[in-house]
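In what follows, a single structure is set out as structure tokens and then discussed.
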Amino acid sequence: MSTERRKPYPFDRIESKWQQFWDQNATFHALNPGEPGFDASRPKYYVLDMFPYPSGAGLHVGHPEGYTATDILSRFKRMCGFNVLHPMGWDAFGLPAEQYAIKTGQHPAVTTARNVDMFRGQLKRIGFAYDWQREINTTDPKYFRWTQSIFLKLYNSWFNPATNRAESIASYTGEDPDSVRLAYVAEVPVNWCNALGTVLANEEVIDGKSEVGGHPVERRPMRQWMLRITAYADRLINELDGLDWPESIKLLQRNWIGRSEGAEVTFGIQGSNHNVRVFTTRPDTLFGATYLVLAPEHALVDEITTPENKAAVAAYQENCRSKSDLERTELAKDKTGVPTGAFAINPVNGQQIPVWIADYVLTGYGTGAIMAVPAHDTRDFEFATKFQLPVLQVVQPPTEETWQGFTGEGTAVNSGFLDGLSTSDAKRKMAEWLETNGHGKKTIQYKLRDWLFSRQRYWGEPFPIIWENGKHRALTDSELPLTPPEMDDFRPTGTPEPPLSKAKDWLRYSETATRETNTMPQWAGSCWYYLRYCDPLNNERFIGSDVERYWMGADSPTPKPGGVDLYVGGTEHAVLHLLYARFWHKVLFDLGQVSTPEPFQRLVNQGIILGEDGQKMSKSRGNVVNPDDVIAACGADAFRCYEMFMGPLEQMKPWSTAGVEGVSRFLARVWRLAMDENQAGEWTRSAALADIAPDKAQTKVIHATIKKVGEDIETLSFNTAIAQMMVFVNTFTGASPRPLCAIRTLLQLLNPFAPHITEELWEQLGFEGIIADQTWPTYDPAALIEDELELVVQINGKLRDKLTVNRNATTAEIEAAALASPRAVEWTAGKTIRKVIVVPGKLVNIVV
RNA sequence: GCCGAAGUGGCGGAAUGGCAGACGCGCUAGACUCAAAAUCUGGUAUCCGUAAGGGUGUGUGGGUUCGAGUCCCACCUUCGGCACCA
């Protein structure tokens, strides 16, 4: 006797069978325009997953959540007659692979290839309908050749403020083209992480620590490659409006870009011809400026500091320099600073105000200098209180509030020509005054910094750049791909010098020229991968233009801005990948390389799946669920359906083993609708199946299910779609004889969710072809209408009785029937009926 | 501190302003069985009541409405993001 629990249906046998079938027949291969057999009359649907980083740990249950959602949609759209593009690939450059390689001594290419094989195998065992002929890998020279090529497009372009778009550098008529390129070299204060041996982008630093590994990060000036994303700040904000993205993600991007309107004001320095420019969002408070603060790193500090203050200023500067970012932010509760001894002249009233330095003014934002208006700015108020600087009211709050530290809007006071004006009017008037008198102008500032694009790593795309006589220049496209050198020792050098600098042969380009030794960050490959899927084998271009226009939807008749039709992934990329990719896409759009301004039309974030204990899954908690185990126990179809049945896609939700078993039972019930088990334990076609028409009630369930499942798939409400199919199955479980056509319809509706079992039953029941190639069923609205309706009778809004009326009953008839219903009579006895509300088809409410 | 999202049975969750708790899990009773598993059928918010029935219920307090889980105002809690951005 076997101790192993008997399988509720033979999923293990049928799942591998159909996975092989789809593979061998390339069932889900999508043809490109121009290829034989391509049907141009069909609309296109491009549904994209965020491709995984193939880590050594393998797939976890979080990956397939989004992947199953897109798989259901792509199979559904295919059945609805669309040409569907649904690809998968590998984002395989990156730190973990390199660190693992350093630890084990294996080349990252070797471990990466192994991990990719593991991931691919796992994804295939879940039965995803990917077009595997379009698989890409960012570490493949045939791929990163084009990543390098696109980098060169950025290098060879500049942002023309007159046209508000990128143009070829050839159209730039200024002195120094290198100062305007979209990819440029600059000596900037960067986030240096000593433990990782590399610099990091602002987006990769969380609370002063590296996002990868949580190591301390310090600021230091270094010469680095930068991408001029700030040129696109406005467009990156404005063009969010047309996108079908979660509002929360749009907001995260807007806040990250951090646009603020204000004015620049120029202050003279007493007894010197230096000027200090400050940025303020409140030019209306200029009369209230009682001191000026420069960032400790401000270039003018040394020039204006008076001799008697030099020592204190230098000490303060040194102190700030040695502070880590963490110390500067975490311990920032207390304001610090020192006076320079210099005085600035307020242009609006000629008043002399002291100039201080303090680290609450940041060097990277605005002009690195502020005018302090302690009466109406919290930070200035704290600083002024601590150092006993004067506080002068210039805004009258609209209510009884105290004006001290009031930062809202009100009425200007003590402000000369602004007195009596509202804050917004005063802002406008002051900006005009500044401009007319040459003391400043309206400006816009952004929190967004240019993108630090170089890393001191081995496992990344080398820059297609060479250096000669201290100048950089681009490789030609024909010299690509530039592959990394074969190296035995690719560890960081322990200095800011990248590991590639150790590859002396590779480094040497010619007698007088050497190669750039930095590599690109992991984000480079993912900035454009969705384009390569459209045309993965193209050797001439990164994407063919006809193919691009078709799959990205430039020619589609819908009024949408185009792009990928549905993109599903986690929120962790809100200000990283999703911002970077939009930026690259816009550059390519400006340069005429792609035809749509935005890459991703509709974005959906799947929620995190927690462990069974309601905690975040982690190895240390021991609550990690491995998809392979679930599939071995219950099958891929149950795994897919359970992930979709858990709850709304976008919501965070805990895993439940009992829940998987419940869904597995549902699939077993579907199986038994079609199959009987004989004495020998073999499954044969169910004897209850018959070529009969469903009865009226059954017909209604069939059509209601067709309607609901179709609508729910479009809105990604998979949990309720499955619930409705459960209702369907519950309806037919007890039915004998059982109408064959009903089972046929159920299989079609269930196919996108549970592709293996439905394909197998389709074959077992002898239906034509394979189910994946069938057309999605349509429903008959007439079948949903019943002759008799059940109406609710309410007294004062409370349910008191129910009533069955003919669907053609008039309002008057319904009202009369309701008033005559036994319980209504009871409840209204001896009372005056004030009002009767009849909602046709729904209820009657009697107000007494 | 600022911004955002969410609070519904024992649990996951469902509900165009119109019967709160669909569907599933769990629990429970019954059928089948020598017995168990599996399967099938029924029950399952809570309080009062033998029952019929009634009261109370969607984080808290107000409001709009014939009618509020749903809309408005205030607050509480949890989660996520930003964090001296002038």
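What you are looking at is a predicted structure, and each value in this text was computed from that prediction instead of being measured. Quick note on labels: first sequence line is chain A, next is B, and so on, each numbered from 1. Computed from heavy atoms alone, side chains included, the values below leave out hydrogens, waters and symmetry copies.
Under the 30°/60° scheme for interplanar angles, the aromatic rings of A:His376 and A:Trp403 are found to be tilted. Classified by interplanar angle (parallel below 30°, tilted 30° to 60°, perpendicular above 60°), the ring pair A:Phe387/A:Trp356 is tilted.
A:Arg672 comes within contact range of the sugar-phosphate backbone alone, with a heavy-atom separation under 4.0 Å but no base atom that close. When heavy atoms are screened at a 4.0 angstrom cut-off, A:Arg800 is found touching the sugar-phosphate backbone but no base atom. A:Gln794 comes within 4.0 angstrom of a nucleotide base, judged by non-hydrogen atoms across all strands. Across all strands shown, A:Gly366 has no heavy atoms under 4.0 Å from either base or sugar-phosphate atoms. Counting non-hydrogen atoms under 4.0 angstrom, A:Asn730 reaches the backbone sugars and phosphates but no base. If you check every strand for non-hydrogen atoms under 4.0 Å, A:Leu843 touches a base. The residue A:Thr281 sits close only to the backbone: its heavy atoms come under 4.0 Å of sugar-phosphate atoms, none of a base. Among the atoms of the strands shown, none is found under 4.0 Å from any heavy atom of A:Thr571. Nucleic acid contact class of A:Ile837 (heavy atoms, under 4.0 Å, all strands): base.
Residue A:Val847 has its side chain nearest to B:C66 when only B:G24, B:C66, B:G26 are considered. Nearest to the side-chain atoms of A:Phe645 among the listed nucleotides B:G24, B:G54, B:C82 stands B:G24. Distance from the side chain of A:Lys835 is smallest for B:C66 among the nucleotides B:C66, B:C19, B:G55. Closest to the side chain of A:Arg665, from the set B:G26, B:A86, B:G67, is B:G26. The listed nucleotides are B:A86, B:U41, B:C19; the one nearest the side chain of A:Thr733 is B:U41. Of the candidate nucleotides B:C19, B:G53, B:A86, B:G53 has the atom lying nearest to any side-chain atom of A:Arg823. The side chain of A:Asn719 approaches B:G13 more closely than any other nucleotide in the set B:G13, B:A86, B:C66. The listed nucleotides are B:G54, B:C66, B:A86; the one nearest the side chain of A:Trp827 is B:G54. When the nucleotides B:G26, B:A86, B:C19 are ranked by their closest atom to the side chain of A:Ile370, B:A86 comes out on top. For A:Lys802, the listed nucleotide lying nearest its side chain is B:C19; candidates were B:G13, B:A86, B:C19.
The line from CD of A:Gln606 to OG1 of A:Thr68 is 10.0 Å long, rounded to the nearest 0.5 Å. Expressed to the nearest 0.5 Å, how far CD of A:Glu650 lies from OG of A:Ser248 amounts to 8.0 Å. For the atom pair CZ (A:Arg254) and CZ (A:Arg259), the distance works out to 12.0 Å, reported to the nearest 0.5 Å.
Heavy-atom distances under 4.0 Å link RNA chain B to A:Thr720, A:Ala723, A:Met726, A:Val727 of residues 720-729 of chain A, given in residue order. A heavy atom closer than 4.0 Å to some atom of RNA chain B occurs in A:Lys447, these being the qualifying members of residues 441-448 of chain A.
Judged by atom type and distance alone, A:Lys842 does not reach the base of B:C19 through any side-chain donor-acceptor pair under 3.5 Å.
For the pair A:Lys335 and A:Tyr360, the distance from NZ or CZ to the six-membered ring centre is under 6.0 Å and the angle to the ring normal is within 45 degrees.
Here the separation of B:A68 from B:G17, taken at their P atoms, is 15 Å to the nearest Å. For the C1' atoms, the distance linking B:G7 with B:A52 amounts to 37 Å, nearest Å. The gap from the P atom of B:G9 to that of B:A45 amounts to 13 Å, rounded to the nearest Å. For the P atoms, the distance linking B:G69 with B:U56 amounts to 13 Å, nearest Å.
Within 6.0 Å of NZ on A:Lys250 lie more than 12 heavy atoms contributed by other residues, nucleotides or ligands. Heavy atoms of other residues, nucleotides or ligands lying less than 6.0 angstrom from NZ of A:Lys386 number more than 12.
Between A:Met652 atom CE and B:G7 atom C1' the separation is 14 Å, expressed in whole Å. Rounded to an integer number of Å, the gap from A:Phe666 CZ to B:C40 P is 13 Å. Atom CG of A:Leu667 and atom P of B:U39 are 13 Å apart (whole Å). A straight line from CG of A:Leu791 to P of B:C66 spans 21 Å, rounded to a whole angstrom. Atom pair A:Lys798:NZ and B:G54:P shows a separation of 11 Å (rounding to whole Å applied). The distance from atom CG of A:Leu673 to atom P of B:U39 is 14 Å, rounded to the nearest whole Å. Protein atom CD of A:Gln651 is 10 Å distant from nucleotide atom P of B:G12, rounded to whole Å.
Using a 3.5 Å distance cut-off with no hydrogens or angles, the side chains of A:Asn605 and A:Thr571 do not pair a donor with an acceptor. A donor-acceptor pair shorter than 3.5 Å cannot be found between the side chains of A:Ser260 and A:Gln445. Inspection of the A:Glu612 and A:Thr657 side chains reveals an N or O donor paired with an N or O acceptor under 3.5 Å.
Remark: B:C27 base-pairs with B:G43. Criterion, Watson-Crick or G-U wobble with two distances under 3.5 Å. Pairing for B:C66 is with B:G18, a Watson-Crick or G-U wobble pair whose two hydrogen-bonding atom distances lie under 3.5 Å. Checking B:U77 for Watson-Crick or G-U wobble geometry (two distances, each under 3.5 Å) identifies B:A6 as its partner.
Residue order along RNA chain B, read from the 5' end via each residue's closest nucleotide, puts A:Gly797 first among A:Arg449 and A:Gly797. Nearest-nucleotide assignment on RNA chain B puts the 5′-proximal partner with A:Pro654, out of A:Pro654 and A:Arg669.
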Inset, instruction - Could you give me the CA-CA distance, side-chain angles and deciding distance for A:Asp712 and A:Thr720, then say whether side-chain hydrogen bond (donor to acceptor under 3.5 Å, both in side chains) is met? - result: CA-CA 7 Å; A:Asp712 284 355; A:Thr720 49; 2.8 Å; yes
| request: List the steps, then state whether side-chain contact (heavy atoms from CB on, under 4.5 Å) holds for A:Arg621 with A:Lys616. | output: CA-CA 9 Å; A:Arg621 284 203 188 87; A:Lys616 217 169 164 177; 4.0 Å; yes
Distances under 3.5 Å between nitrogen or oxygen atoms of protein and nucleotides 42-49 of chain B:
none

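Proximity of A:Leu286 to A:Pro283: side-chain heavy atoms (C-beta onward) are nowhere separated by under 4.5 Å.
Taking only side-chain nitrogens and oxygens, A:Tyr365 comes nearer than 4.0 Å to OP1 or OP2 of B:A86.
For A:Tyr291 and A:Phe383, the ring centers sit closer than 6.0 Å to each other.
Classification of B:G53 as anti follows from a glycosidic angle more than 90° from 0.
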